[in-house]
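Just so it is clear: chains get the letters A, B, ... in the order the sequence lines come, proteins before strands, and each one is counted from 1. The basis for the numbers below is simple: all heavy atoms, side chains too, and nothing from hydrogens, waters or symmetry mates.
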2 protein chains.
Amino acid sequence: MGEPTRLKMIAERLNLSESTISRALNNYKDISAETKTVVRKMAEQLDYEPNIHAKRLASGKSETIGYVMPIQSNQVTGQFINKLMAGIAKALGKYGWDLCVIAPQTPDEEIRIFKKIARTRNISGLVITRTLSDDHRFALLKRLGVPFVSHGRSSDSKESAWLDVDNELAFFEMTTHFVKLGHKHIAHIGGPRDYNFARQRKNGWVRGLKSSGIKAPLSYEEMTELTFDGGKEAMQRLLEAEVPPSAVCCISDVVAIGAMQALREKGIRPGQEVSIIGYDGLELGAWLDPPLTTMHQPLKLAGEKLAKMLLNIVESGGLPLNNQELVRASLVRRETANAPLSNWPPIRKDSGKP
Amino acid sequence: MGEPTRLKMIAERLNLSESTISRALNNYKDISAETKTVVRKMAEQLDYEPNIHAKRLASGKSETIGYVMPIQSNQVTGQFINKLMAGIAKALGKYGWDLCVIAPQTPDEEIRIFKKIARTRNISGLVITRTLSDDHRFALLKRLGVPFVSHGRSSDSKESAWLDVDNELAFFEMTTHFVKLGHKHIAHIGGPRDYNFARQRKNGWVRGLKSSGIKAPLSYEEMTELTFDGGKEAMQRLLEAEVPPSAVCCISDVVAIGAMQALREKGIRPGQEVSIIGYDGLELGAWLDPPLTTMHQPLKLAGEKLAKMLLNIVESGGLPLNNQELVRASLVRRETANAPLSNWPPIRKDSGKP
DNA sequence: GAGTCAACCGAAAACGCTTTCGGTTATGTG
DNA sequence: CACATAACCGAAAGCGTTTTCGGTTGACTC
């Protein structure tokens, strides 16, 4: 391949100084339009590509952003992560920035890595996901002065940059959708309250019930890990309620799939006796039996948006405050959410009613 | 946070030269053991972290490897990519190397990016996945002199580094497993022959049949895209065979899920009239109705291995030839693969038999 | 016609490390 | 005791950019 082109070579060919070449290529305003075009043409011709390390050393900027992979990636968050990353990488690519994957194995390691980034500045900014309601990372990164954007809010995110889905609205809509179908016994399988979105979604359900004038017994609020197993067990508990629900708002598709399993094992048909709606919009849901009704959020687009926000902050000095955006999820109608059956909920033999 | 520690500061405190410090920290052999420990202690104490850009500029090494995301990432390869990446990042992290995500939007862009990497050397090596039987990338990267390892072989991979699952063996075992269960009508839904693993898997099926003395009509070999839809359509075609199969070896779990859908729509029960085995070992499969029998390969481990191979090549001058490894997949027994039913395959009314 | 001011560009100093080359010491050798 | 030989270490030259600080021009003002 021969030696790569250097600034110096361009300078020699054009009888200009290296500094002029550099400034011409970087579009400084004290270089005449004429020289700029000449320089650019020559750079193009020589296939010039700046040495990125020299550039970063000299400028003190790293042009790299990091994506922090969720630690416990044992779950079917697969789609989630990919699509987000693909979006981020795509957006960054346009500006010649790099996306670096950070995969801490433990929370402690995550902290160490953050501190190291703060010291070395080898990464210009971070994208974090899976935010908790009470997420120490927000304060830590702010304190360390590391620019970041989060996918999801937190109690600490008032002044930082974030992109979030309106989870509460989504679950409000999910709940009222059930109401419109005629349901009166609407339960919720939520996730650990640690996760901010878990709270938001639960609140949406509560608000949906309230605005429809429906009351739900305490037992209708279930909580579980975001796994298939968790969903299954939660559903089993719900079925033991005095009056089992006829509709269930699930915090995620994965949980919903687990819940469907629990129903089947009791001989109950999802979408018949008990309706179910999930959340995430996994394509997979369409291939279940029966296909899972769910709510969808555009993830790749979210990735692009997150990248642009971060770029705005680290490059253009944008304020985190001006980089907050709430997007909407949309209902994907499939076959697990239908009108209630007349013979359900069943009257329990052991119920107190005469 | 104050200014980060520099080599210079350590040198001043210890009354040594910068070069000595550098060599001590990099474990050069012309530095006495004594000085080394002193220097290391001081570095530790001052929380020294080398400026990575300076280091890379001076040494000419980038300490970064790139992972090329499969272009058409619309599929449920989710798990796949993540786990692999998590493994790579984990292994690299131990050596202070970075993992950079490369997400070309088109094949052309992929080529451009490779060429750019070759010129700029801003990435020390690549991990590529989704290899094709006839994959231009192998020759291209070799020609460009960019070190790489592939997850999966190709017709061009004889002399390059790779990690692959023994796909043929896996499908051989899958097929003979069906035979042991008593099946005689065993079909295969394969993928585009472009993919090398698709050929390997088909060959495994063929070999499995042959070694069991079973013959399959031409119509038993189906081919499709690696999608839910593809699996469904392929299964529909199989059901129209003169003698429909009682067992189907599917190239992936996703395809198998699509196939199950096709069965259900015809009122056929997966695992009863028609048995099915998938491939990939997605957890998800356990939550289908009925749970999908499949074959599993350890992906995170694969990622770690790939990273170590690449490090061996770019750092220790290891030969690609010495970095080839074949791993085994293992059968995960669930509920879609059972002994055949006596009333299946059905005798077609329109069959030629009297 | 001296002075002012833009508009352009070059020289040179960073940036923080690695690495070559050579120079001091101690250590052994004839 | 001169001399070669290691064993250690320092000086200094890169690595390829960016960026500061001036220095030339030529046009324009009064």
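- To the nearest 0.5 Å, atom NE2 of residue A/H151 and atom CZ of residue A/F197 are 10.5 Å apart.
- Atom CZ of A/R119 and atom P of C/dG16 are 15 Å apart (whole Å).
- Taking a cutoff of 4.0 Å between a charged side-chain nitrogen and a carboxylate oxygen, B/K115 and A/D47 do not qualify as a salt bridge.
- The end-to-end axis angle of the helix from C/dG1-D/dC30 to C/dG30-D/dC1, rounded to 10 degrees and based on five pairs per end, is 50°.
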Sugar-phosphate means primed atoms, P, OP1 and OP2; the rest is base. With that split, encode nucleotides 16-21 of chain D 5' to 3' as B, S or - using protein heavy atoms under 4.0 Å. BBBBBB
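- Rounded to whole angstrom, the span from the CZ atom of A/R56 across to the C1' atom of D/dC15 amounts to 16 Å.
- Atom pair B/E34:CD and D/dC8:P shows a separation of 10 Å (rounding to whole Å applied).
- Within 4.0 Å (heavy atoms only), B/L16 reaches sugar-phosphate atoms of the nucleic acid but no base atom.
- The side chain to side chain donor-acceptor pair (under 3.5 Å) test applied to B/N27 returns B/K36, B/R40, not counting sequence neighbours.
- Residues from residues 310-318 of chain B with heavy atoms under 4.0 angstrom of DNA chain C: there are none.
- The cationic atom of A/R130 (NZ for Lys, CZ for Arg) lies less than 6.0 Å from the six-membered ring centre of A/Y195 and within 45° of the ring axis.
- Under the side chain to side chain contact (heavy atoms under 4.5 Å, CB included) criterion, B/K142 pairs with B/E159, sequence neighbours left out.
- Residue pairs meeting the salt bridge (Lys or Arg N to Asp or Glu O under 4.0 Å) criterion with at least one member in residues 11-35 of chain A, sequence neighbours excluded: A/R23-A/D30.
- The separation between A/I31 atom CD1 and C/dA6 atom P is 18 Å, rounded to whole Å.
- Salt-bridge check for A/D166 with A/R328: failed, with every basic side-chain N at 4.0 Å or more from each acidic carboxylate O.
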